[in-house]
Amino acid sequence: MKKKEQMAALVEGHADMLRCPICGGAMHVEALKSLVCGNNHSFDFAKQGYVNMMTRPVKTQYDKNLFQHRRAFILESGFYRKMHVEVSGIIRRLQGRPLVLDAGSGEGSHLDRILDGVDGVGIGVDIAKEGIMLAAKHYPQSIWFVGDLAKLPIRDGSVDAIVNILSPANYVEFNRVLSSDGLVVKVVPESGYLKELREALYKDTDRETYDNTGTVSLFEENYEIVDRRRVTDEMTLDRTALEHLIEMSPLAWNHAPGELDDFIAAEKTVTLDLEILVGRR
Ligand SMILES: C[S@@+](CC[C@H](N)C(=O)[O-])C[C@H]1O[C@@H](n2cnc3c(N)ncnc32)[C@H](O)[C@@H]1O
Ligand SMILES: [Zn+2]
């Protein structure tokens with residue numbers, strides 16, 4: 001079976017959890033080619049094995065280059081391993097065969113690592129098509145949608161867990177699609193996260209340190225916190241890994257050519273510092 005049909009068959013088995021992003025109606029798979037609602041709004045399966053559920057085209061700053069470096073960094077460096085293990089453990093405690101939505105999944109490697117060894121079904125949604133294309137290419141066992149967090153193509157109360165890693169959130173939508181006893185697992189940067197890169201880029205400016213107070217209090221306003229864990233690590237990265245890190249990071253978007261040459265000149269120890277917030281409605 002081709003990638004496109006393979007994805008369509010997978011989605012067909014889970015079509016009851018989808019809803020049309022235009023009219024909110026139920027959807028079904030037609031001829032292993034497209035997703036269609038009762039009002040004939042139709043979204044085609046792309047040959048790479050994903051569906052674009054956007055109702056209008058958007059341009060984002062997250063491009064193919066960024067996602068390729070993100071993928072290489074996540075998979076080759078093992079930098080996020082501790083976070084994957086923690087989130088995986090949280091998902092594993094859910095009953096049955098959980099449906100796990102990664103909201104703002106990017107190129108999908110975090111979701112793939114988290115679901116490794118978990119008997120669950122992954123659904124990744126991201127507004128950046130270049131990320132979802134890579135995700136569908138490498139992880140055909142999960143379902144991938146180009147879509148907007150503000151208009152998830154998912155039916156009310158149908159997912160068991162939402163993971164939301166270093167990405168924006170939309171709690172109105174999260175609460176709509178989450179089952180009544182479902183969990184939201186949000187991963188946010190803590191003060192030490194990538195502090196070495198921050199220092200190199202923003203020395204003596206207010207962006208040198210990261211403050212997540214606003215993000216955390218918004219989460220607390222929406223959920224009862226059932227668990228929260230800080231994950232820290234330090235890892236020595238070689239030049240290749242440091243280059244991936246720079247290219248994958250929105251932090252470095254506006255750096256001038258040559259500005260980071262010193263940063264990648266030799267091996268460097270880089271800090272992981274994340275907080276995992278686990279909430280229930
Ligand atoms: C910093 S990246 C993190 C991606 C991935 N979770 C990771 O850690 O590699 C933030 C992601 O949020 C996505 N994003 C931003 N706004 C979005 C929206 N309204 N709907 C869906 N995705 C969005 C971006 O396209 C991007 O992939
Ligand atoms: Zn419709």
Side-chain angles (χ1 to χ4, degrees), residues 15 18-28 30 34-43 50-77 79-81 83-84 87 100-115 122-135 138-139 142 144-155 162-174 177 185-189 193-194 197 210 212 215 231 244-245 247-253 272 274 276:
L18 299 179
R19 77 167 209 168
C20 174
I22 299 173
C23 69
M27 305 205 87
H28 64 276
E30 223 164 73
S34 36
L35 268 170
V36 185
C37 78
N39 287 324
N40 261 326
H41 299 127
S42 173
F43 303 85
Y50 67 91
V51 188
N52 188 340
M53 301 288 259
M54 293 296 291
T55 52
R56 62 190 163 87
V58 290
K59 198 148 172 45
T60 85
Q61 265 189 294
Y62 291 86
D63 60 10
K64 187 171 177 186
N65 177 65
L66 176 141
F67 287 117
Q68 278 170 339
H69 285 284
R70 255 190 136 71
R71 172 178 164 80
F73 184 73
I74 294 170
L75 298 181
E76 289 164 23
S77 72
F79 187 68
Y80 294 100
R81 193 174 296 130
M83 182 271 281
H84 296 150
V87 178
V100 181
L101 169 69
D102 185 346
S105 64
E107 50 66 53
S109 296
H110 289 314
L111 181 63
D112 184 71
R113 298 286 81 217
I114 287 164
L115 291 182
I123 310 155
V125 175
D126 200 287
I127 205 163
K129 185 169 150 189
E130 301 291 356
I132 291 297
M133 281 173 77
L134 260 189
H138 294 285
Y139 309 118
S142 291
W144 302 102
F145 294 123
V146 181
D148 189 347
L149 294 181
K151 238 187 217 177
L152 289 168
I154 291 170
R155 191 183 286 188
I162 299 176
V163 298
N164 179 229
I165 302 171
L166 305 170
S167 289
N170 184 311
Y171 295 125
V172 173
E173 273 298 85
F174 285 10
V177 302
V185 183
K186 183 166 178 68
V187 177
V188 296
Y193 181 60
L194 301 180
L197 179 58
Y210 188 84
N212 69 16
T215 313
V231 183
H244 289 320
L245 179 62
E247 293 295 328
M248 71 161 231
S249 176
L251 275 176
W253 264 336
L272 175 82
L274 300 170
I276 303 174

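Remember, it's 1-based here, ligands and their atoms both numbered in the order they're listed.
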**Q.** Spacing of CD1 belonging to Ile162 relative to CG belonging to Leu152, to within rounding of 0.5 Å
**A.** 7.0 Å
**Q.** Partner residues of Asn52 under the side-chain contact (heavy atoms from CB on, under 4.5 Å) criterion, sequence neighbours left out
**A.** Tyr50, Met54, Lys129, Val146
Q. Which salt bridge (charged side-chain N to carboxylate O under 4.0 Å, His left out) pairs, counting each pair once, include a residue from residues 165-174, with sequence neighbours left out?
A. Glu173-Arg176
Q: Decide yes or no for Ile276 and Val185: does some side-chain heavy atom of the first lie under 4.5 Å from some side-chain heavy atom of the second?
A: yes
Q) Atom CG of Leu35 and atom CZ of Phe145: how far apart are they, to the nearest 0.5 Å? A) 6.0 Å
(Q) Restricting to distances shorter than 2.8 Å, give the number of protein N, O or S atoms close to the Zn ion (ligand 2). (A) 4
Q) Of Glu107, Lys64, Gln68, which meets side chain to side chain contact (heavy atoms under 4.5 Å, CB included) against Glu130? A) Lys64
Q) Looking at Ile123, Val125, Ile132, which one forms a side chain to side chain contact (heavy atoms under 4.5 Å, CB included) with Ser105? A) Ile132
Q) Is there a side chain to side chain contact (heavy atoms under 4.5 Å, CB included) between Asp126 and Tyr62 once you walk through the steps? A) CA-CA 10 Å; Asp126 200 287; Tyr62 291 86; 6.0 Å; no
(Q) Heavy-atom contacts with ligand 1 below 4.0 Å: which residues, ordered by chain and residue number? (A) Tyr62, Phe67, Arg70, Gly104, Ser105, Gly106, His110, Asp126, Ile127, Ala128, Gly147, Asp148, Leu149, Ile165, Leu166, Ser167, Pro168
**Q.** Aromatic ring pairing His84/Tyr80, orientation class (parallel under 30°, perpendicular over 60°, tilted between)
**A.** tilted
